[in-house]
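To start, the structure under review is shown below, and the notes come after it.
Only heavy atoms go into these numbers, but all of them, side chains included; no hydrogens, no water, no symmetry mates.
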Number of protein chains: 2
Amino acid sequence: MIEAVGLSKSYDTGPSRVDALCGVSFRIERGEYVAIMGPSGSGKSTLMNLIGLLDSPTAGTYRLDGQSVEDFSDDRLAELRCRRIGFVFQSFHLLPRFSAAKNVELPLAYMGLPRGERRARAVAALASVELGARVDHRPNELSGGERQRVAIARSLVNRPDLLLADEPTGNLDSRSGEEICRLFGRLNRELGVTVVLVTHDRGVAEHTRRILHIRDGALVRDEPLGAP
Amino acid sequence: MIEAVGLSKSYDTGPSRVDALCGVSFRIERGEYVAIMGPSGSGKSTLMNLIGLLDSPTAGTYRLDGQSVEDFSDDRLAELRCRRIGFVFQSFHLLPRFSAAKNVELPLAYMGLPRGERRARAVAALASVELGARVDHRPNELSGGERQRVAIARSLVNRPDLLLADEPTGNLDSRSGEEICRLFGRLNRELGVTVVLVTHDRGVAEHTRRILHIRDGALVRDEPLGAP
Ligand SMILES: Nc1ncnc2c1ncn2[C@@H]1O[C@H](COP(=O)(O)OP(=O)(O)OP(=O)(O)O)[C@@H](O)[C@H]1O
Ligand SMILES: Nc1ncnc2c1ncn2[C@@H]1O[C@H](COP(=O)(O)OP(=O)(O)OP(=O)(O)O)[C@@H](O)[C@H]1O
Ligand SMILES: [Mg+2]
Ligand SMILES: [Mg+2]
């Protein structure tokens, strides 16, 4: 499903250049459940943005279902981002003037669903992350962990077949974090969703079946995990 | 130093009211090193905002050094927030148009220090959280963990005697998180800084000497930790 060959990404910041990713290569097949771990600043979010088509590499190729993303039209890219990929951002990116339900509904706006159906799906997604009692709260009326869970619910509402989650439990207590791990595990096992998540928590990573270790922009180790 | 008696905080959101804190009472003496733990949404950030004078209780009293905060003038409140208290926000609150160094310098603007001294202190604070190589990056040019560390550096730059940190390691890998724990531990032991931190990580809490457990807005357990 995902094939990265020599992926590199550099940023030009004022006088200096930051080489955030240097020649990363790997494959992720449909239905896999993968964790990405590594130190702060090692390039994990940069890699997730490339996988999620939110940014383009400075060098190297990235193929989604065998087709190189450089060959995709803007329309195709937009459609992939809306319909096939669900993304949980490390900093949530919720719209401050909208309620939790409206924020979760957002990805559905492009799918031509009637209003009642969009609201129903948003409320169901919020219930799946235990926020049924907060559907009408705005982000500044929510705790940090609640905002994180709204971001998770939003990533699920369009029923993606590829879920990318950048540190989805960083602001959650261990019990809520476990709930989210179980939710992702069910989506993977029961619905065949391909899940790639970045985490700093080894306990979270051990719910997956494979860990890609990143350090200083390079893939330093590909660790398969035994059956749990 | 800190005395809370029956602290309560409610929010009115549309038709409903959320009782975020219900009658919380405790004392924290000068030089203590305390952790606050509890489920997502249990009231920890709400409590931290009250302790840090960023919000006022709906009911109950809060005394800082024996004086009730209701009796403080606006000037006194502003001075306490700027000079005595350092606050690491759960969502960082960095100014997007300013570099890391300028963000860290901000609390010093009120202290009448010359420009060169402010810059020197900001750079030193960033070095103490291993961001010496990122001083001129803006927040959107930093990783999640780097932004968190900028927020930590900013909380230290005015040399507060009370440091309040709301989930300071949520976006950090275990090694960077340990570095931050060691830094806080040194500030506490060597400089006598009173440290109160919210964390979801039991490992981080075990660096402190006392854990206050919050659940559904109430203090349910006060746990002293043996000498490490
Ligand atoms: N401005 C507000 N209006 C309404 N409800 C609010 C507001 N701010 C917070 N809340 C609610 O108050 C409760 C406590 O929030 P708080 O931010 O203190 O939780 P927390 O313990 O810090 O959680 P987390 O671990 O997720 O950060 C939450 O259920 C939240 O939904
Ligand atoms: N727009 C940018 N301009 C310049 N440098 C950048 C930019 N975005 C990220 N960086 C740098 O690239 C490196 C990798 O960033 P990235 O966000 O991928 O790290 P990360 O592994 O996700 O870290 P964390 O665990 O802290 O979230 C960091 O050192 C960061 O400072
Ligand atoms: Mg990141
Ligand atoms: Mg909080």
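- Separation of atoms OG1 (B:Thr13) and CG (A:Asn140) is listed at 9.0 Å; rounding is to 0.5 Å.
- Atom OH of B:Tyr11 sits about 11.0 Å away from atom CG of A:Leu142, to the nearest 0.5 Å.
- When heavy atoms are compared at a cutoff of 4.5 Å, B:Ser40 approaches chain A by way of both its backbone and its side chain.
- No more than 12 heavy atoms of other residues, nucleotides or ligands shown are found within 6.0 angstrom of CG on B:Asp216.
- To the nearest 0.5 angstrom, B:Ser42 atom OG is 7.5 Å from A:Asp173 atom CG.
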Might you work through the side-chain contact (heavy atoms from CB on, under 4.5 Å) test for B:Val18 and A:His137, ending with a clear yes or no? CA-CA 11 Å; B:Val18 176; A:His137 282 226; 3.6 Å; yes
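- Heavy atoms of A:Ser91 lying under 4.5 Å from chain B belong exclusively to its side chain.
- Within 6.0 Å of atom CZ in A:Arg202, more than 12 heavy atoms from other residues, nucleotides or ligands are found, so the atom counts as buried in its surroundings.
- Only the side chain of A:Arg149 has a heavy atom closer than 4.5 Å to any heavy atom of chain B.
- Looking at B:Ser45, there are no atoms closer than 4.5 Å to chain A (heavy atoms on both sides), in backbone or side chain.
- Looking at A:Glu146, the atoms closer than 4.5 Å to chain B (heavy atoms on both sides) sit in the backbone and in the side chain alike.
- Most heavy-atom pairs under 4.5 Å with chain B: of the set A:Ala20, A:Ser176, A:Pro39, A:Gly43, this distinction falls to A:Pro39.
- Under a cut-off of 6.0 angstrom, the local environment of CG in B:Asp74 is sparse, with at most 12 non-hydrogen atoms contributed by other residues, nucleotides or ligands.
- Note: B:Gly41 leads B:Gly41, B:Gly177, B:Gly38 in heavy-atom pairs under 4.5 Å with chain A.
- Contact of A:Arg134 with chain B is made through the side chain alone, with heavy-atom distances under 4.5 Å.
- Atom CZ of B:Arg182 sits in a crowded spot, with more than 12 heavy atoms from other residues, nucleotides or ligands closer than 6.0 Å.
- Without hydrogens or angle criteria, A:His200 side chain to B:Asn171 main chain gives a donor-acceptor distance under 3.5 Å.
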